[in-house]
Protein chains: 2
Amino acid sequence: MSAGFETRLREAGYRLTPARRAVFAVLRQASTPLSAAEVWRLGRARHAGLGRATVYRTLPLLVRLGLARALLAPGGVRYQCSEGGTHRLVCRGCGAELPLSGCPAGALAQELSEKYGYLVEGHLLEFYGLCPDCQRRMRHEV
Amino acid sequence: MSAGFETRLREAGYRLTPARRAVFAVLRQASTPLSAAEVWRLGRARHAGLGRATVYRTLPLLVRLGLARALLAPGGVRYQCSEGGTHRLVCRGCGAELPLSGCPAGALAQELSEKYGYLVEGHLLEFYGLCPDCQRRMRHEV
DNA sequence: AAGTAAATGATACAATGTCTCAACTAGCAC
DNA sequence: GTGCTAGTTGAGACATTGTATCATTTACTT
Ligand SMILES: [Zn+2]
Ligand SMILES: [Zn+2]
Ligand SMILES: [Zn+2]
Ligand SMILES: [Zn+2]
């Protein structure tokens with residue numbers, strides 16, 4: 001379940017602590033990307049004295065290790081577990097999001113890998129534009 | 001040149017002010033995405049008394065209007081003019097970025113447009129993984 | 001069980017972003 | 001042009017978010 005998390009942390013030379021478990025667990029079972037503040041609040045349910053600084057230290061660590069991803073939502077940065085989908089259709093007017101399924105980018109990854117020597121682990125594909133409501137709004141309210 | 005900016009602002013019912021001109025001009029001629037603080041500093045070269053609050057008000061406005069885009073870089077949020085490319089290959093280890101050219105997402109846009117009623121104006125495609133250096137580092141320094 | 005370096009949490013601090021409000025001005029009507 | 005008015009501005013107080021420091025604790029090794 002969260003075995004990947006533990007081994008990943010270990011193999012990178014980091015210790016497995018209650019604080020890190022708590023932070024990851026929170027992301028893991030969240031159904032939507034969370035802000036750092038939310039992670040802290042929820043994390044304290046799992047690890048009583050979880051410190052704010054630790055959360056801010058852990059989240060970027062998880063990103064560096066590939067266990068989580070940082071997303072820019074209207075309202076600030078949010079984090080989500082790597083497993084979650086990252087294909088969205090975002091309205092630039094109101095910020096509404098629609099998660100997507102299909103994706104054409106897979107093929108390109110291999111190509112990039114060979115071309116630049118990068119180890120391509122994933123990708124983020126976001127379409128942006130206007131939702132039906134905001135299209136109407138733009139017309140009517142000038 | 002920046003005619004699109006002016007008409008876009010007008011047609012959405014916003015006024016054309018020196019402050020907004022300055023902010024947009026800064027983004028416009030920047031070769032790399034800028035933080036809000038950088039926009040403020042550079043903007044004051046163009047409009048002496050440009051206020052910090054105005055910058056923080058204007059940047060999201062430009063995003064809502066489709067004139068700029070917000071990007072999440074390691075180190076914080078950065079803004080760039082809509083024209084700039086948004087196809088990157090980002091290293092999750094060190095944050096290094098490589099701008100890309102080709103893209104397979106265009107076709108999907110039309111499809112989404114019909115399916116959800118969204119007006120799809122563009123997309124952001126980001127591959128993430130490890131640069132060659134960070135791959136070595138991960139092996140050697142555990 | 002003991003030793004040790006990594007990690008934590010509290011706190012102070014810095015950076016980033018938001019709100020309020022009096023003063024100003026872009027756009028419009030005349 | 002002259003005035004009107006609502007949108008906009010800039011200053012500064014405030015709130016939030018993120019970082020640095022450091023004494024204490026603790027996960028891992030032996
Ligand atoms: Zn919308
Ligand atoms: Zn995909
Ligand atoms: Zn790297
Ligand atoms: Zn593309």
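Just so it is clear: chains get the letters A, B, ... in the order the sequence lines come, proteins before strands, and each one is counted from 1. If you're wondering where the values come from, they're calculated on a predicted model, not measured in any experiment. Note: hydrogens, waters and symmetry copies are ignored here, and every other heavy atom, side chains too, is used.
Not a single donor-acceptor pair, N or O on each side, falls under 3.5 Å between the base of D:dG18 and the side chain of A:Arg57.
Comparing B:Thr54 and B:Gly75 by the nucleotide of DNA chain D that holds the closest heavy atom to each, the one mapping nearer the 5' end is B:Thr54.
Whole-Å rounding puts the B:Arg78 CZ to C:dA15 P distance at 15 Å. Distance CG (A:Leu72) to P (D:dT17): 14 Å, rounded to an integer number of Å. One interatomic measurement links the two molecules: CZ of B:Arg20 to P of C:dT25, which rounds to 15 Å at whole-angstrom precision. What separates OH of A:Tyr56 from C1' of C:dT11 is a distance of 15 Å, to the nearest Å. What separates CG of B:Leu61 from C1' of D:dT8 is a distance of 11 Å, to the nearest Å.
Cluster partners of A:Phe127, using a side-chain heavy-atom cutoff of under 4.5 Å among ILVMFWY residues and allowing indirect links, are A:Leu89, A:Leu98, A:Leu100, A:Leu108, A:Leu112, A:Tyr116, A:Tyr118, A:Val120, A:Leu125, B:Leu89, B:Leu98, B:Leu100, B:Leu108, B:Leu112, B:Tyr116, B:Tyr118, B:Val120, B:Leu125, B:Phe127.
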Quiz item: Can you check side chain to side chain contact (heavy atoms under 4.5 Å, CB included) on A:Cys103 and A:His123, steps first, answer last?
Solution: CA-CA 10 Å; A:Cys103 171; A:His123 57 270; 3.2 Å; yes
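Within the 3.5 Å criterion, the main-chain N or O of B:Gly93 finds no donor-acceptor partner in the side chain of A:Arg64. No donor-acceptor pair closer than 3.5 Å links the side chain of A:Glu126 to the backbone N or O of B:Leu124. Side-chain atoms of B:Arg8 never come within 3.5 Å of backbone atoms of B:Leu67 as a donor-acceptor pair (strictly under, hydrogens ignored).
Heavy-atom neighbours of A:Glu111 CD from other residues, nucleotides or ligands within 6.0 Å: at or below the threshold of 12.
One finds the CZ atom of A:Arg10 at 10.0 Å from the CZ atom of A:Phe5 (value rounded to the nearest 0.5 Å).
No side-chain N or O of B:Tyr14 forms a donor-acceptor pair with one of B:Arg20 less than 3.5 Å apart.
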What are the atom names and distances for every N/O pair under 3.5 Å that joins the protein to nucleotides 26-28 of chain D?
unit_1, atom_1, unit_2, atom_2, d
D:dA27, O3', A:Leu16, O, 3.4
D:dA27, N3, A:Arg15, NH1, 3.2
D:dC28, OP1, A:Leu16, N, 2.9

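Residues from residues 33-53 of chain A with heavy atoms under 4.0 angstrom of DNA chain C, sorted by number: A:His47, A:Gly49, A:Leu50, A:Gly51, A:Arg52, A:Ala53.
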